[in-house]
Amino acid sequence: YKTNKIKKKSNQLLQEKNSELIVEKEKTEKASQARSDFLSTVSHELRTPLNAINGITHLLLEEDPKKSQLHYLSSLKFSSNYLATFINEILEVNRIDSNKVEIEYINFNIKNLLEDIKNSLQEQAIKNNNNFSLTIDPKIPDNLIGDPTKLSQIFMNLINNALKFTKDGKVNVTAKLITGDTKTAKIWFDITDTGIGIPDDKQEIVFESFSQGSVAINRKYGGTGLGLTIVKKLIEILGGTIALKSKLGKGSTFTFGLDFIVDSNPVQITEKPAI
Ligand code: ADP
């Protein structure tokens, strides 16, 4: 009788503990939802006046301003651009963290995607006097199915960083087929630069939100400290992982691998006849 009583009591205690845990979990979920809604509302509210500031600055710059005004307007343009990037990145992290980002499977060609990105960043490469090249494994199938929008976002962030933190050096993007058959392809991507490198004790934390090399580096190169956070989260959504190898003063390599479906029966887009 006594052991039965103890059993009953401990069951009751367990049940109480369980319902306490459920209430606690609901509270945490509500708090995180409230935080996410708050961030989203504030960011959207900030975006509207910022668009006006951006637009007016742009107009004033087009009106052939005096030299002294040009200086102030350029600084205004830089700051409002920075704020716009920052707000967009906060919105993006928030969207990812609240599971609002889904994979969109589309047919695409990795070679074309990387060449388009290279063209769009060529100006930046020239500005820093960098040799920017692509090495694409010819064995990679032409028609892959994946999420080219997220992939572009990942590459843009990583290559932008590589070009930004490298001067008079080399930036190379490699795409290598690791395993593949008629149905799937595993591809490894390397983004390598010969830039300033990342010290050993910072390599673990560069993927964390708002982490930057140092105050001095941040002052010199700018940036929000959210780019690599977004990159890591997007790669994880796509089912991959990212690794970093870097040596201070020598350069860095960011590596990630992803699986793709091979589209063995792509829809042929025939050109419309000229009328
Ligand atoms: P940011 O917007 O500041 O560039 P990121 O999240 O993209 O933010 O990067 C975080 C930090 O990691 C950077 O501030 C820089 O210190 C370091 N970092 C990122 N990529 C490189 C690179 N290719 N070479 C050297 N340092 C880098």
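Below, each value reflects all heavy atoms present in this structure, side chains not excepted, and no hydrogens, waters or symmetry copies. Note that ligands are numbered from 1 as they come in the structure, with each ligand's atoms numbered from 1 the same way.
Applying the 4.0 Å criterion to heavy atoms of Ser252 picks out, from ligand 1, the atoms 24 (N). Heavy-atom proximity to Gly225, at under 4.0 Å, picks out these atoms of ligand 1: 1 (P), 2 (O), 3 (O), 6 (O), 8 (O). Close contacts between ligand 1 and Gly197 involve ligand atoms 25 (C) [criterion: under 4.0 Å to a heavy atom].
For Phe256 and Phe155, the distance between ring centers is under 6.0 angstrom.
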**Chi angles and distances behind the side-chain hydrogen bond (donor to acceptor under 3.5 Å, both in side chains) call for Glu92, Asn88** = CA-CA 6 Å; Glu92 181 70 359; Asn88 284 339; over 6 Å; no
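Of all protein heavy atoms, the one closest to atom 3 (O) of ligand 1 is Gln212 NE2, 2.8 Å. Summary of contacts: the protein heavy atom closest to atom 16 (O) of ligand 1 is Gly213 N, 2.8 Å. The shortest contact between atom 5 (P) of ligand 1 and any protein heavy atom is with Leu228 N, 3.6 Å. Looking from atom 7 (O) of ligand 1 to the surrounding protein, the closest heavy atom is Asn161 ND2, 2.8 Å. The single protein non-hydrogen atom nearest to atom 12 (O) of ligand 1 is Val206 CG1, 3.3 Å, given as residue, atom name and distance. Closest to atom 22 (C) of ligand 1, if we only count protein heavy atoms, is Phe165 CD1, 3.6 Å. In terms of protein heavy-atom proximity, atom 2 (O) of ligand 1 is nearest to Thr224 N, 2.8 Å. Closest to atom 11 (C) of ligand 1, if we only count protein heavy atoms, is Ser211 O, 3.7 Å.
Every N/O-N/O distance between Ile198 and ligand 1 stays at or above 3.5 Å. Any N or O atom pair closer than 3.5 Å counts here, and Thr229 shares no such pair with ligand 1.
Within the 4.0 Å heavy-atom shell around ligand 1 one finds Lys164.
Side-chain atoms of Asp147 never come within 3.5 Å of backbone atoms of Ile103 as a donor-acceptor pair (strictly under, hydrogens ignored). Between the side chain of Ser10 and the backbone N or O of Lys7 there is at least one donor-acceptor pair closer than 3.5 Å. With Lys150 contributing its side chain and Glu102 its backbone, the two residues share a donor-acceptor pair below 3.5 Å. Listed for the Asn128 side chain is no donor-acceptor partner under 3.5 Å among the backbone atoms of Asn130. Using a distance-only test at 3.5 Å, with no hydrogens or angles considered, no donor-acceptor pair links the side chain of Thr255 to the main chain of Ala243. Proximity of a side-chain donor or acceptor of Ser75 to a complementary backbone N or O of His71 within less than 3.5 Å is not detected.
Residues Val262 and Thr182 form no side-chain contact, since every pair of their non-hydrogen atoms from C-beta on lies 4.5 Å or further apart.
Residue Asp193 touches ligand 1 through its side chain alone, judged by heavy-atom distances below 4.0 Å.
Each of Thr166, Asn161, Asn160 was evaluated against Lys164; a single residue qualifies, Asn161, per the side chain to side chain contact (heavy atoms under 4.5 Å, CB included) test.
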